[in-house]
J.: 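After the structure tokens below, expect a handful of questions from me.
Proteins get letters first, then strands, A, B, ... in listed order; numbering begins at 1 in each. FYI, side chains are in, hydrogens and waters are out, and symmetry mates aren't considered; it's all heavy atoms of this structure.
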Protein chains: 2
Amino acid sequence: MKRAESLDSTKREAGAIEMDTIVGAAGGQIGLDVLPELLGYNVRRAQIELWRDFGATVSEGEVRPGLFSLLLLVGANPGIAQIDLANQLSVDKASIVALVDRLEEAGWVQRKRSTEDRRRQEIFTTPAGAKKLAQLKREVQEHDAKYCKLFTDDELHQFLEFLQRIYRH
Amino acid sequence: MKRAESLDSTKREAGAIEMDTIVGAAGGQIGLDVLPELLGYNVRRAQIELWRDFGATVSEGEVRPGLFSLLLLVGANPGIAQIDLANQLSVDKASIVALVDRLEEAGWVQRKRSTEDRRRQEIFTTPAGAKKLAQLKREVQEHDAKYCKLFTDDELHQFLEFLQRIYRH
DNA sequence: TATTGTTATACTCTATAACTATA
DNA sequence: TATAGTTATAGAGTATAACAATA
């Protein structure tokens, strides 16, 4: 256990850059001037935290963020085509197929070949899907609210604007 | 192309909630009061944007954020054990094995069985690994700076604090 | 008994390429 | 020719379970 203990901050020698240190193993140190000041690293860590809580909270992990946002889009846009789902979520159309397959196998959506343009598959929620979506929305709101609570209204507003600046720039 | 055009905001009827609409297909609409106000959705979108630019910018996509942060940790903590890498990055120890394998196969790190505790594999960067890491750091800084530029110093400082509030809460 | 590393396995998410049918 | 959907395939990333060596 010697090595594990040397990683413990309580055993660091005087003079070590304590505040800025994440890990101090075998004398090495990594400062806050490296990873934690990178925007990308912080966004990644926040996303991982939110992803995990989503999985632990919503629908017992059965539905994750990707599938949820897909179902949400279908629910809000009855008859939306897969290509539009792909464009909305910025993923390849091929990647949408398997996701819609899963929603269909779960009995939450139905594909209907468009009569106007027979290349298009129109996606609709089933009654069961609409019900599931309503339940998911409640659970997701609850999950999301947990984190929104960490901020004042003004802070949250600004936070969302910062995030949007990144993906809409 | 009729259906695609019906998705275009320019063809929406008067009275439609234009500002709040992402997609309007088959008469359906999804408002900004759904997805884009969810903290999780915004973090996810920002992360995807950063991830993509990272892949397009850094090391010609050869090294992605996960592998980079692993190599960074090893570089800053010579002799760190795999279990400590796992704990630092909040992933299972089993997941670390394949990542270290790849770093080792690339010739950037070396495993050395600890003499103090023979269960532990100490990870060190090779000279080639140190060189690669230095180059990666420059490229990552450059990539990251692109997005930092979207913010004033004060904004960036606040933004990072917001993100940390989520994953350190 | 507990810990470290490992292997086997599986699942999510995503991408590319090639194909079908439709436009 | 171009578009929408599909299939096949691959790779990154992660998790769990079971195991060996070591503590």
J.: What is the distance, rounded to the nearest whole Å, between atom CD of Glu116(A) and atom C1' of dA4(D)?
T.: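 Computing the Glu116(A):CD to dA4(D):C1' distance gives 15 Å.
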J.: Would you call the rings of Phe151(B) and Phe159(B) parallel, tilted or perpendicular, taking 30° and 60° as the class edges?
T.: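 If you compare the ring of Phe151(B) with that of Phe159(B), the planes turn out tilted.
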J.: Rounded to whole angstroms, how far apart are CD1 on Ile83(B) and C1' on dT22(D)?
T.: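 These atoms are roughly 14 Å apart.
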J.: Check each of Val63(A), Leu71(A), Val140(A) against Leu133(A) using the side-chain contact (heavy atoms from CB on, under 4.5 Å) test, and report the only one that passes.
T.: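 Single pass found, and it is Leu71(A).
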J.: Between Lys132(A) and Glu62(A), does any side-chain N to carboxylate O distance fall below 4.0 Å?
T.: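 Judged by the 4.0 Å cut-off on N to carboxylate O distance, Lys132(A) and Glu62(A) do form a salt bridge.
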J.: Mind calculating the distance between CG (Asp101(B)) and C1' (dT6(C)) to the nearest angstrom?
T.: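 Taking atom C1' of dT6(C) as the reference, CG of Asp101(B) is at 9 Å.
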J.: In plain terms, say whether Glu155(B) and Arg165(A) are close enough for a salt bridge, that is, a side-chain N and a carboxylate O under 4.0 Å apart.
T.: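 Yes, charged N to carboxylate O under 4.0 Å.
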J.: Compare the minimum distances between each of dA23(C), dT14(D), dT14(C) and the side chain of Arg119(A), then state the nucleotide with the smallest one.
T.: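 Within the option list, the nearest is dA23(C).
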J.: So what is the end-to-end bend of the helix from dT1(C)-dA23(D) to dA23(C)-dT1(D), with 5 pairs used at each end and the value given to 10 degrees?
T.: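 End axes: 10° apart.
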J.: Reading DNA chain C from 5' onward, which residue's closest nucleotide shows up sooner: Arg102(A) or Lys93(B)?
T.: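 The residue closer to the strand's 5' end, by nearest nucleotide, is Lys93(B).
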J.: I'd like to know if the side chain of Tyr167(A) pairs up with that of Asn42(B) as donor and acceptor (distance under 3.5 Å, no hydrogens or angles considered).
T.: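 Their side chains do contain a donor-acceptor pair, which is all the 3.5 Å distance test asks for.
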J.: Ignoring backbone atoms, test whether Ser95(B) places a side-chain nitrogen or oxygen under 4.0 Å from the OP1 or OP2 oxygen of dG13(D).
T.: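 It does not, given that no N or O in the side chain of Ser95(B) lies less than 4.0 Å from OP1 or OP2 of dG13(D).
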J.: Please tell me which of the listed nucleotides, dA17(D), dG5(C), dT14(D), lies nearest to the side chain of Arg113(B)?
T.: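 Of the options given, the side chain of Arg113(B) lies nearest dG5(C).
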J.: Remember a base hit wins even if backbone is also touched, and classify Ala94(B) as base, sugar-phosphate or nothing at under 4.0 Å, heavy atoms.
T.: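 Base: the residue Ala94(B), judged by heavy atoms under 4.0 Å, touches a nucleobase.
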J.: To the nearest Å, how far apart are Trp51(A) CH2 and dG13(D) C1'?
T.: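 Interatomic distance, CH2 of Trp51(A) to C1' of dG13(D): 11 Å.
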J.: May I have the distance from Leu99(A) (atom CG) to dA15(C) (atom C1'), rounded to whole angstrom?
T.: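 Going from Leu99(A) (CG) to dA15(C) (C1'), I get 13 Å.
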J.: Which nucleotide, dA15(C), dT7(C), dG13(D), lies nearest any side-chain atom of Asp92(A)?
T.: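 Looking only at heavy atoms from C-beta outward on Asp92(A), the closest nucleotide is dA15(C).
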J.: To the nearest angstrom, how far is Arg120(A) atom CZ from dG5(D) atom P?
T.: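 Nearest whole value for this atom pair: 6 Å.
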J.: Side chain of Arg118(B), heavy atoms from C-beta onward: which of dT6(D), dT22(D), dT16(D) has the nearest atom to it?
T.: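 Nearest to the side-chain atoms of Arg118(B), counting from C-beta on, is dT22(D).
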J.: Expressed as a whole number of angstroms, how long is the span from Leu89(A):CG to dT14(C):C1'?
T.: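 In whole Å, dT14(C) C1' lies 13 Å from Leu89(A) CG.
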J.: With the threshold set at 4.0 Å, does a side-chain nitrogen-carboxylate oxygen contact exist between Arg120(A) and Asp84(A)?
T.: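 Asp84(A) and Arg120(A): salt-bridged.
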J.: Of all the nucleotides listed (dG5(D), dA15(C), dG5(C)), which has the minimum atom distance to the side chain of Val91(A)?
T.: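 Minimum distance to the Val91(A) side chain belongs to dA15(C).
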J.: Which residue lies toward the 5' end of DNA chain C, Arg111(B) or Pro65(A), if each is placed at its nearest nucleotide?
T.: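 Whichever sits nearer the 5' end wins; that is Arg111(B).
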J.: Does the side chain of Arg64(A) get closer than 4.0 angstrom to OP1 or OP2 of dT14(C) through an N or O atom?
T.: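 Checking dT14(C) against Arg64(A), no side-chain N or O comes under 4.0 Å of OP1 or OP2.
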J.: Please set out all donor-acceptor pairs under 3.5 angstrom arising from side-chain atoms of residues 91-101 of chain A, sequence neighbours excluded.
T.:
residue, atom, partner, partner atom, Å
Asp92(A), OD2, Ala94(A), N, 2.9
Asp101(A), OD1, Arg111(A), NH1, 3.0
Asp101(A), OD1, Arg111(A), NH2, 3.0

J.: Around atom NZ of Lys146(A), are there more than 12 heavy atoms from other residues, nucleotides or ligands closer than 6.0 Å?
T.: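 Result for NZ/Lys146(A): enclosed.
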J.: Starting at atom CD of Gln121(B), determine the distance to atom C1' of dA20(D), rounded to an integer number of angstrom.
T.: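 Nearest whole value for this atom pair: 13 Å.
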J.: Take Gly66(B) and Gln82(A), find for each the nucleotide of DNA chain D with the closest heavy atom, and name the residue whose nucleotide sits nearer the 5' end.
T.: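 First, find each residue's nearest nucleotide; the 5'-ward one identifies Gln82(A).
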